Amino acid sequence: MLHIPSAVRDFGRIFSREGYELYIVGGAVRDALLGKKVEDYDFATSATPSEVTDLFQRVIPTGLQHGTVTVLFGNHSFEVTTYRVDGSYSDHRRPDTITFTRSLEEDLARRDLTINAIALNPETGDVVDPLGGRKDLKDRVIRTVGSGDDRFREDALRMVRAVRFAATLDFTLLPDVARAISRHAPLLGQVSQERIARELEKLMQARRPSGGWRLFRETGLLAQFLPELEEDRDSPWPVFEHLLSSCDCAPSDPPQLRWAALFHDIGKPRCGATDERGLHFHGHDQVSATMAEEILLRLRFPKERIRSVAHLVRHHMFGYSPEWSDAAVRRFISRVGQEEAFLLTALRRADICGKTGSPPILPDLDELEGRIRGILHQGQPLTRKDLAINGKDLMSRIGIPPGPALGIVLEELLETILDDPERNTPETLLEIARAVYQARFHPSREERPPEEAPRDTSPGA
Ligand code: ATP
Ligand code: MG
């Protein structure tokens, strides 16, 4: 019998004592039957939301319009949804109306995939599986509840979910389901970018996301939500498969790495050119970074994620060689950021693994990582914030006015300490700042207005 935590069993008992049914449903049952660890329990009940609310002291009406409440039970929070049947779906994403029902079978029949339509009684351990979900789990196939055409027409997001589950579970999408997706792919345009993005995030946690991305392309879904990944189709520079294998090779954590791997060369088809220097993809790092930014913005990813992915893509072409001086390594860290420096080496490994198909042995990259760690460990100054003096000091001690001059002098000081960290003392930096300011801005002439070039102001000129 499947393991059911005692709190979940106790929770079920409270419902049954009052004559209601309560079942564990959805991902928890699927994952438990697959022998995976279950963290999140979702429940379905014959009780209406107000009946559930009457049973407990702490209930949050999280999604009353769908019949969902969250019950705070001990230190758990359980989502409980009343059995329901969905009305018609005129917008291809949500039912126009929902109706509560006392029938578990009816509730299971409105779900997307057979493997997601199995119910488990937390008290008795009985499994209710009218749609054959267990067999499909055993056969490792993705099948819709009822006709794929109907299911996908009702809610077009289910197409993305079917692909997502195929990839994360490493299951086969049944050919009928794949064909139904191909027929209905254009309906995805009606689904919000946020819902698509949430599924993509889960896909990227798969052991190998490539399977999902390939299915997206084959079924025509990709053209709907990420046409940029289709641009290599008629191009002499196909990058899709390289992007996919790089993505598989990248660690799934932190999540921006896989996104950066997926996009790092996406601009190559736009940049490829052959001239007297031979074939090159000049500027593809910048173009790819801009495309990544646009794509993730469109998919409404959080700002921080977009910034991070674009940054990694933009800098992915860094060239390291053991001849680099320590100052060069410091400049690299200063330019890309401390954490990002390691993400960039991880991205480089994924990129090379994406070409060869196996995790590469790269002594140079190991060495670079070691040198970065050494520099960080010694606490060497790397950014403007680490300077022994700041902008205020420059204004008060040297009289540099606020404005661009200040920024330029600070930048010079940063260059100085990156070259030689020993010079990061207030005295030395003030001296250098004074000299730089004198040389670049001639402050002795500051009192007089700068001489202007004579201008021709004669009328009619
Ligand atoms: P995960 O482990 O990714 O959370 P899950 O199966 O729990 O997987 P949820 O999105 O949390 O996925 O949905 C919970 C359950 O609700 C699903 O198992 C499925 O039965 C049902 N469901 C979710 N989305 C849909 C949908 N768009 N159409 C029909 N049923 C759905
Ligand atoms: Mg879930």
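What's counted below: heavy atoms across the whole structure, side chains too, no hydrogens, waters or symmetry copies. Each ligand, and each atom within it, is numbered from 1 in the order the structure gives. The structure displayed is predicted, hence computed values, not measured ones.
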Nearest non-hydrogen protein atom, [atom]:
{"atom": "atom 6 (O) of ligand 1", "answer": "R30 NH1, 2.8 Å"}
{"atom": "atom 10 (O) of ligand 1", "answer": "R161 NH1, 3.0 Å"}
{"atom": "atom 15 (C) of ligand 1", "answer": "R111 NH1, 3.7 Å"}

Consider ligand 1: state whether an atom of it lies below 4.0 angstrom from any non-hydrogen atom of R164. yes
Taking non-hydrogen atoms only, is R110 closer than 4.0 angstrom to ligand 1 via side chain, backbone, both or neither? backbone
Side chain, backbone, both or neither: which part of D155 has a heavy atom under 4.0 Å from ligand 1? side chain
Six-ring centre of F73, R58 cation under 6.0 angstrom, axis tolerance 45°: no
Whether R158 engages the ring of Y89 as a cation-pi pair (distance to the six-membered ring centre under 6.0 angstrom, angle to the ring normal within 45°) should be assessed. yes
Any side-chain donor near an acceptor of the partner, T124 and D126, under 3.5 Å: yes
Under 3.5 Å between any N/O of F165 and any N/O of ligand 1: does that happen in this structure? no
Distance from W213 atom CH2 to L221 atom CG, nearest 0.5 Å? 10.5 Å
Is it true that F43 and F15 have ring centroids separated by less than 6.0 Å? no
